[in-house]
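Have a look at the structure below before the remarks.
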Amino acid sequence: MELLSVIVPCYNEEENINDFYYELMKNEAYFGSRGMDVEVIYVDDGSKDGTVGKVKELAGKDGRVHLISFSRNFGKEAGIYAGLQKAKGNYAVLMDCDLQDPPSLLPEMFRYIDEGYDSVATRRVTRKGEPPIRSFFARMFYRVMNKISKTEIVDGARDYRLMTRQVVDAILAMAEYNRFTKGIFGWVGYQTKWLEYENIERKKGETKWSFWKLFLYSLDGITAFSTVPLAIASIMGLLFCLFAFVMIVFIIIRKLMFGDPTSGWPSLVCIILMCSGIQLFCVGIVGQYLSKTYMEVKKRPIYLIKEEI
Ligand code: UDP
Ligand code: MG
């Protein structure tokens with residue numbers, strides 16, 4: 001018998017646990033018609049509200065509901081990894097708890113799996129209901145990212161994705177500490193069908209992503225899937241050396257031909273400021289990669305479990 005593992009990372013989602021379950025189980029007839037069992041794995045990412053209690057209540061009523069509860073907040077990426085590790089299904093699907101990823105799309109997703117696709121991913125074509133400034137930076141991020149990374153990272157891609165066991169195993173094989181899931185999906189490859197839908201606003205509760213958190217996340221993405229910034233540092237150094245060389249020649253010739261007294265400390269100050277600024281910027285880029293390497297070398301566990309049902 002086939003089994004579908006539904007992985008739901010939750011962080012302070014007490015209002016959504018039940019709603020999600022009932023919305024998902026609206027597909028029960030469909031699962032039955034395929035002769036497929038389903039297991040729901042709620043990954044509690046160190047919630048401070050009643051999330052764990054709600055999941056336990058559900059698990060008491062329905063044996064197909066499982067709980068993994070982290071010792072603290074490790075981030076959604078860690079939640080996804082833990083869920084995929086525990087998933088026993090031939091298929092796994094990742095879904096947000098807030099019903100922004102409609103479970104009603106599942107039958108359509110399975111249609112493509114049956115056609116031979118290895119994974120069915122979703123992408124929102126609109127960013128309705130999002131602050132304009134956030135949309136602007138998000139678009140910029142995807143544009144830059146796709147220029148500087150060989151891994152394809154799709155604009156508007158959600159983590160809502162149905163995968164076969166083969167793809168799940170490929171993702172699990174990438175046991176890196178700095179997990180940028182959107183990049184990992186692109187990196188593993190396989191035949192992926194993209195479904196598009198209009199953005200759905202969160203039903204209850206608040207988004208867990210502040211602008212600052214998203215900004216840091218985008219830096220993680222860049223360092224995890226591109227080394228172009230490192231090249232930028234070297235190229236910029238080279239360009240400035242060239243520029244300095246031209247200027248030296250220019251000044252020597254000017255001195256020899258016109259005997260100009262050396263003038264202008266303001267310009268000198270500007271040059272020193274700019275050069276030291278660029279140096280610091282480049283050292284910063286190297287530092288970013290070094291810090292990621294540092295975290296990676298430590299080989300700390302990606303998550304710690306406090307409780308499991
Ligand atoms: N989430 C999580 N850990 C975190 C932040 C978020 O597990 O540190 C979960 C959250 O509970 C939700 C999903 O990740 O199920 C997406 O989060 P959210 O809806 O806040 O993000 P948005 O949809 O606004 O991008
Ligand atoms: Mg959401």
Side-chain angles (χ1 to χ4, degrees), residues 1-10 20 24 27 30-31 34-43 45 64 66 68 74-97 100-124 142 145-146 149-197 217 220-221 224-226 296 301-303:
M1 194 148 166
E2 290 187 329
L3 176 67
L4 168 69
S5 304
V6 183
I7 296 152
V8 200
C10 328
F20 176 83
L24 176 73
N27 287 314
Y30 172 76
F31 298 145
R34 278 185 71 96
M36 185 168 64
D37 251 342
V38 53
E39 60 170 1
V40 189
I41 305 173
Y42 285 99
V43 187
D45 189 8
R64 295 171 297 178
H66 304 271
I68 304 172
F74 280 89
K76 186 183 178 186
E77 312 291 314
I80 291 175
Y81 189 67
L84 287 176
Q85 275 191 324
K86 298 288 162 183
K88 292 191 207 72
N90 323 62
Y91 305 105
V93 61
L94 303 172
M95 275 193 222
D96 282 3
C97 199
Q100 278 188 298
D101 303 332
S104 53
L105 229 56
L106 277 173
E108 195 185 343
M109 294 172 111
F110 267 107
R111 221 175 45 231
Y112 289 106
I113 292 282
D114 293 340
E115 270 180 30
Y117 283 98
D118 303 300
S119 116
V120 184
T122 58
R123 138 169 211 266
R124 50 181 178 176
Y142 286 109
M145 195 65 204
N146 280 310
S149 172
K150 286 197 200 100
T151 305
E152 197 199 359
I153 292 163
V154 178
D155 185 2
R158 296 197 53 88
D159 291 335
Y160 185 15
R161 194 181 270 257
L162 176 64
M163 298 166 269
T164 59
R165 175 48 47 185
Q166 198 180 21
V167 180
V168 172
D169 288 340
I171 291 169
L172 288 177
M174 295 178 79
E176 56 207 68
Y177 182 81
N178 297 290
R179 304 192 68 78
F180 184 70
T181 310
K182 287 182 204 308
I184 290 177
F185 287 144
W187 194 91
V188 297
Y190 294 102
Q191 279 268 43
T192 303
K193 171 76 192 170
W194 286 91
L195 296 184
E196 295 184 345
Y197 67 91
Y217 183 57
D220 280 352
F225 283 92
S226 169
E296 216 59 70
I302 295 169
Y303 58 86

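Any value given below was found using the heavy atoms of this structure, including those in side chains, with hydrogens, waters and symmetry copies removed.
Under the salt bridge (Lys or Arg N to Asp or Glu O under 4.0 Å) criterion, D37 pairs with no residue at all, not counting sequence neighbours. Listed by chain and residue number, L3, S5, I41, H66, A87, K88 satisfy the side chain to side chain contact (heavy atoms under 4.5 Å, CB included) test with E39 (two or more places apart in sequence, or in another chain). Not counting sequence neighbours, the partners of F74 by the ring pair (Phe, Tyr, Trp, His ring centres under 6.0 Å) test are F70.
The shortest distance between side-chain heavy atoms of K76 and D96 falls below 4.5 Å. Annotation: side chain of L94 is not in contact with side chain of R158 (no heavy-atom distance under 4.5 Å). Counting only heavy atoms from C-beta outward, the side chains of V120 and E108 never approach each other to under 4.5 Å. Here the side chains of Y81 and I7 are not in contact, with every heavy-atom distance at 4.5 Å or above. L24 has its side chain within reach of M95: a pair of non-hydrogen atoms, C-beta onward, lies under 4.5 Å apart. Here the side chains of K182 and F225 are not in contact, with every heavy-atom distance at 4.5 Å or above. Side-chain contact between L162 and Y112 is absent, with no heavy atoms from C-beta onward closer than 4.5 Å. Taking 4.5 Å as the limit, some side-chain heavy atom of F180 sits within range of a side-chain heavy atom of I153.
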Query raised in the report: Would R161 and V167 count as a side-chain contact (heavy atoms from CB on, under 4.5 Å) if you check the C-alpha gap in whole Å, the side-chain angles of each, and the deciding distance to 0.1 Å?
Result: CA-CA 11 Å; R161 194 181 270 257; V167 180; over 6 Å; no
Requested in this report: Test L105 against Y160 for side-chain contact (heavy atoms from CB on, under 4.5 Å), laying out the working first.
Outcome: CA-CA 10 Å; L105 229 56; Y160 185 15; 3.7 Å; yes
Requested in this report: Apply the test side-chain contact (heavy atoms from CB on, under 4.5 Å) to residues L195 and Y197: give CA-CA distance (whole Å), side-chain angles for both, the deciding distance (0.1 Å), then the verdict.
Outcome: CA-CA 7 Å; L195 296 184; Y197 67 91; 5.6 Å; no
Query - Steps toward side-chain contact (heavy atoms from CB on, under 4.5 Å) verdict (I171, R179) - result: CA-CA 10 Å; I171 291 169; R179 304 192 68 78; 4.1 Å; yes
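Summarising the geometry, atom CD belonging to E77 is positioned 10.5 Å from atom CG belonging to N178; distances are rounded to the nearest 0.5 Å. Of the inter-residue distances, the one linking L84 atom CG with R165 atom CZ reads 8.0 Å to the nearest 0.5 angstrom. Between atom CZ of residue R34 and atom CG of residue L106 there is a gap of 10.0 Å, rounded to the nearest 0.5 Å. Expressed to the nearest 0.5 Å, how far NZ of K193 lies from CD of E115 amounts to 8.0 Å. In this structure, the separation between OH on Y91 and CD1 on I113 is 6.5 Å, given to the nearest 0.5 Å. Once rounded to the nearest 0.5 Å, the distance linking CG of D45 with CD1 of I80 reads 10.0 Å.
Between G183 and T151, the closest heavy-atom pair is O-CG2, 3.3 Å. For the residue pair A82 and V43, the shortest heavy atom distance occurs at CB-CG1, 4.4 Å. In this structure, I184 and M174 approach most closely via the heavy-atom pair CG2-SD, 3.6 Å. Scanning all heavy atoms of the two residues, the minimum distance from Q166 to D118 falls at OE1-OD1, 4.1 Å. Pairing each heavy atom of F20 with each of C97, the nearest pair is CB-O, 3.9 Å. Residue V154 comes nearest to W194 through the heavy atom pair CG2-CZ2, 3.4 Å, listed as atom of the first residue, atom of the second, then distance.
A donor-acceptor pair is defined here as one N or O able to donate and one able to accept, closer than 3.5 Å; no such pair exists between the side chain of D101 and the backbone of D159. A donor-acceptor pair under 3.5 Å links the side-chain atoms of E296 to the main chain of Y177, judged by distance alone.
Using bins of under 30°, 30° to 60° and over 60° for the plane-to-plane angle, the ring pair Y30/F110 lands in the tilted bin.
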